[in-house]
Amino acid sequence: KEQTMKQRFYGISLLVTALAALALSGPASAGQQAQAPVARKQVSFKGTSSGVVTAVGFDPDAGIAYTHVAGEGQATNFGHFTVSAEVAVVVATGVPRGNWTLTADNGDKLFLAMGGHGIDATHGYGASTAVGGTGRFQGVTANYEEVITFAVPLGSAASIPFTDALDGTISAPGSNK
């Protein structure tokens, strides 16, 4: 019974981690200078993505589960993209935090920071905010929320397929040039 509870707890943690990861995040370079915010027209950022969340480690002393997210998707005012994320979930609280990178077909990247929480054994919530970008995404602002659905309960397998729906806004890509 204790093993089953640990597996369920790990599963919930993995879900939270995955949500964090899916919440597209990437830290800005330490040497980058902050730019003054410029008001830009916000446009719709709605889409879907799918892929796999893979457990990559667990720190029992810190109580943190680590995952990697890989997939692809399509969003308005962005186009087709691949997604890669690293997410850490604090098992005791179920809170995920992660860094996401969305890469457009032309190689331009949007970096996001994500946080979230589990909804149930196969669903989670994430909120992501842009923290940087390259090419047409340099200097953009973006925020979106997502609901992620896992194919099986988190913690029941080392790699778990997911799908998610994204809903938010992004400043018009390329409007900073």
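What's counted below: heavy atoms across the whole structure, side chains too, no hydrogens, waters or symmetry copies.
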Checklist entry - Lys109 versus Phe137: any side-chain heavy-atom pair under 4.5 Å? => result no
Checklist entry - Taking atom CG of Asp120 and atom OG1 of Thr149, what is their separation to the nearest 0.5 Å? => result 8.5 Å
Item to check | Criterion side chain to side chain contact (heavy atoms under 4.5 Å, CB included) against Val69, the qualifying member of Val52, Thr54, Val53 | outcome: Val53
Next on the checklist: So does Ala55 get a backbone contact from the side chain of His68, meaning a donor-acceptor N/O pair under 3.5 Å?
Outcome noted: no
Next on the checklist: Can you tell me how the ring of Tyr144 sits relative to the ring of Phe45, calling it parallel under 30°, perpendicular over 60° and tilted otherwise?
Outcome noted: tilted
Item to check | Main-chain N/O of Ala113 paired to Thr129 side chain as donor or acceptor, under 3.5 Å | outcome: no
Checklist entry - Of His117, Glu145, Glu146, which is the lone residue that meets side-chain hydrogen bond (donor to acceptor under 3.5 Å, both in side chains) with Tyr125? => result Glu145
Checklist entry - Do Phe111 and Thr101 have side-chain heavy atoms sitting under 4.5 Å apart? => result yes
Item to check | Step-by-step side chain to side chain donor-acceptor pair (under 3.5 Å) determination, Tyr66 to Glu86 | outcome: CA-CA 7 Å; Tyr66 298 95; Glu86 305 301 326; over 6 Å; no
Next on the checklist: For a 4.5 angstrom cut-off between non-hydrogen side-chain atoms, does Asp167 reach Lys46?
Outcome noted: yes
Item to check | Residue pair Phe78, Leu110: steps toward the side chain to side chain contact (heavy atoms under 4.5 Å, CB included) verdict | outcome: CA-CA 10 Å; Phe78 197 101; Leu110 179 63; 3.9 Å; yes
Item to check | Spacing of CG belonging to Asp108 relative to OG1 belonging to Thr103, to within rounding of 0.5 Å | outcome: 9.0 Å
Checklist entry - Can you tell me how far the CD atom of Glu72 sits from the OG1 atom of Thr82, to the nearest 0.5 Å? => result 8.0 Å
